[in-house]
Every structure is written in structure tokens, then in C-alpha cells.
Number of protein chains: 2
Amino acid sequence: MDEVAGAIADPVRRAILTMLRDSRLPAGEIADRFQISRPAVSRHLRVLRESGLVRDELVGRRRFYVLAPERFAELVEWLTPFVQPSGLEHRLDALETEVYRTRRERRTRGPAARAQENTA
Amino acid sequence: MDEVAGAIADPVRRAILTMLRDSRLPAGEIADRFQISRPAVSRHLRVLRESGLVRDELVGRRRFYVLAPERFAELVEWLTPFVQPSGLEHRLDALETEVYRTRRERRTRGPAARAQENTA
DNA sequence: CGGAAGCGTAACCTACAAGTTACGCTTTCG
DNA sequence: CGAAAGCGTAACTTGTAGGTTACGCTTCCG
């Protein structure tokens, strides 16, 4: 829990997580999107890995990073009691949005399409 | 947003927030519950204040701290897209729990009771 | 087989977060 | 009015997070 909160506290790591929301990415491609050096990004990736927020998949000489959604829920559940009752509406809206997004993506790219992406 | 995430990353500050969930507290009483020195706690309180997660209310020579729920929602909304679809159930459960908790508290202590507490 | 591609790690530097002690400003009250 | 209560702030110390460069290990491919 402490690790998760700490991991999310850094803006670079939050940006990485946002990138991975769209698709899995190899370490090099992630590093290219930042101004900081590749080793610096590599360590951010390690922090994310150790916090359990991402997994890595080795493919040849590349290492792909993938979101590991499980741990996110912890933090959300910790935060829930603090959200003001009037904020519940917004949260339900967000939930709804998310449900639609998930459905749309499942239509767009089925499980089969997943094997095709990121093979450049 | 960065401030909020950073504020929550610290275990002491999370503990303070949890305390304030039950009732508002004066700075001294908060400090007493930790092993670290009072000035240290005082700075944690400042961080929380500047991040907008808490407000302070001056009463005589005491300074009470109160939760300011608004900012919490930001973080929750940022996290929402990452929570796995199967996690939605858990989140809805948490929501339900929270709703009941809120209702129970509103029954137990009405708005009138609020003026009575923490007047020791 | 040898060089390049792709990453991680080690060693080092620097800035900052978080702790401590000392101090000063209001407010309360005998 | 003066002392104590209640907090915040300043100044200082120290561990660690995050950046850089240098290096080494696999994997791919001409």
C-alpha cells in the first residue's frame, strides 16, 4: 500500500502508467517519450514493477511493460471513505464512463487483435 | 494533483487523514498520537493543508484540523481508468459500505451534535 | 562469429523530504 | 499583568529519491 502510493506520487511514473493504458510498450519506447535519460526511466520502471502496478514480459531482446490492474484497487478503496457524499455522483459518472470505454475497446479489438499490436 | 498524490504517499499523513475521518482534532492532540516531535507533525499538517486535503479552524489558542473532501475525488478519478473491470464489483461494494456508514453517522450525531464534540 | 540493438545495474552527485532543537507569537487565566 | 498553554517557524542535519555517465549482459542478424 505504501509502495503503491509512493509509486503514484511521481509525475513521470504516472505518465508511464497512462501510456500503458493504451497498450503494452517496450522499455526503450517508453524512455524515448521522456527528456530524461534511459537509465532514469529504467529505474522508474523498476519502482513500478516492485510496487506491483506493472508486469514485464520479455520478448526476444525487448522487455514489454504491461499494466497490472490489481493493486490500483487498494488505493481506491483506501480513498473511498474520504470522498464526500456529494462526490459519489461524480464517481458514479466516472464509473459509467469507464464501463463504456471498456465495452468499446472490447468491440474494437478482440482478444485476437492483442497478439497483433506492438509487433513493430 | 501532484500535491495530492505526494501528500498521500507519506504514512504519517495517511494516518492523520484517517484520524480526521472520525472527528476534527487540534494540532496538539494529533501530535500526541505519534512518536515523532510536535514540529514534525506540524509540518505534515502544513503539507496536508497546502495540498487542500484538510482545512484548519482556529478556536482560541487551538487550531483544529478538518478533512476537506473535495480534492480526494481528483485522485480517485485519475485512478478509475486503471481499475480492472472485475474490480468494479469491489468498488461498488465499497461505495455501498460508505453510503451506509454515512447514513449511520448522520443518525447517530445530527448537525447539532457537531458543535458539542471536541470541546474538551 | 562478431557487432549492433535493447536493457538493466553500479557508482556517483545533488536536491529535497523529514526529523530534531531552539525560539517566538497569541491566547488564556490566576 | 505575567506566566503557561498551544502552535507555527527557523535553522540545521541526514537519509533517500531521482538524475547522469559508464559498463556489462543477452539477443538478433549479416
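First the proteins, then the strands, lettered A, B, ... as listed; each starts at 1.
- A sub-4.0 Å separation between OP1 or OP2 of C:dA17 and a side-chain N or O of B:His44 is absent.
- The nearest whole Å value for the distance from the CZ atom in B:Arg61 to the C1' atom in C:dT28 is 4 Å.
- The backbone N or O of A:Gly6 lies less than 3.5 Å from a partner atom in the side chain of A:Arg13, making a donor-acceptor pair.
- Within the nucleic acid shown, A:Ala27 comes within 4.0 Å of sugar-phosphate atoms alone, with no base atom in reach, counting heavy atoms only.
- Summarising the geometry, the separation between CD1 on B:Ile16 and C1' on C:dA18 is reported as 12 Å, rounded to the nearest angstrom.
- Listed for the A:Thr80 side chain is a donor-acceptor partner under 3.5 Å among the backbone atoms of A:Val76.
- In this structure, the side chain of B:Thr18 engages the main chain of B:Arg14 through a donor-acceptor pair within 3.5 Å.
- Take the nearest nucleotide of DNA chain D for B:Arg49 and for A:Val41: the residue whose nucleotide is more 5' is B:Arg49.
- Atom-to-atom, CG of A:Asp2 to P of C:dA18 comes out at 11 Å; the value is rounded to the nearest Å.
- To the nearest 0.5 Å, atom CZ of residue A:Phe82 and atom CG of residue B:Leu53 are 9.0 Å apart.
- The interatomic distance linking B:Arg43 (CZ) with C:dA18 (C1') rounds to 6 Å, in whole Å.
- Between B:Ser37 and A:Gly28, the one whose closest nucleotide on DNA chain C sits nearer the 5' end is A:Gly28.
- With a heavy-atom cut-off of 4.0 Å to chain B, the contacted part of DNA chain D has its first and last nucleotide at D:dA4 to D:dT9.
- With A:Arg71 contributing its side chain and A:Ser51 its backbone, the two residues share a donor-acceptor pair below 3.5 Å.
- The pair A:Arg63-A:Glu57 does not count as a salt bridge, with every side-chain nitrogen at least 4.0 angstrom from each carboxylate oxygen.
- If you take CZ of B:Arg38 and C1' of C:dC25, they are 12 Å apart, rounded to a whole angstrom.
- Contacts of A:Tyr65 with the nucleic acid, taken as non-hydrogen atoms under 4.0 Å apart, involve only primed sugar atoms and P, OP1 or OP2.
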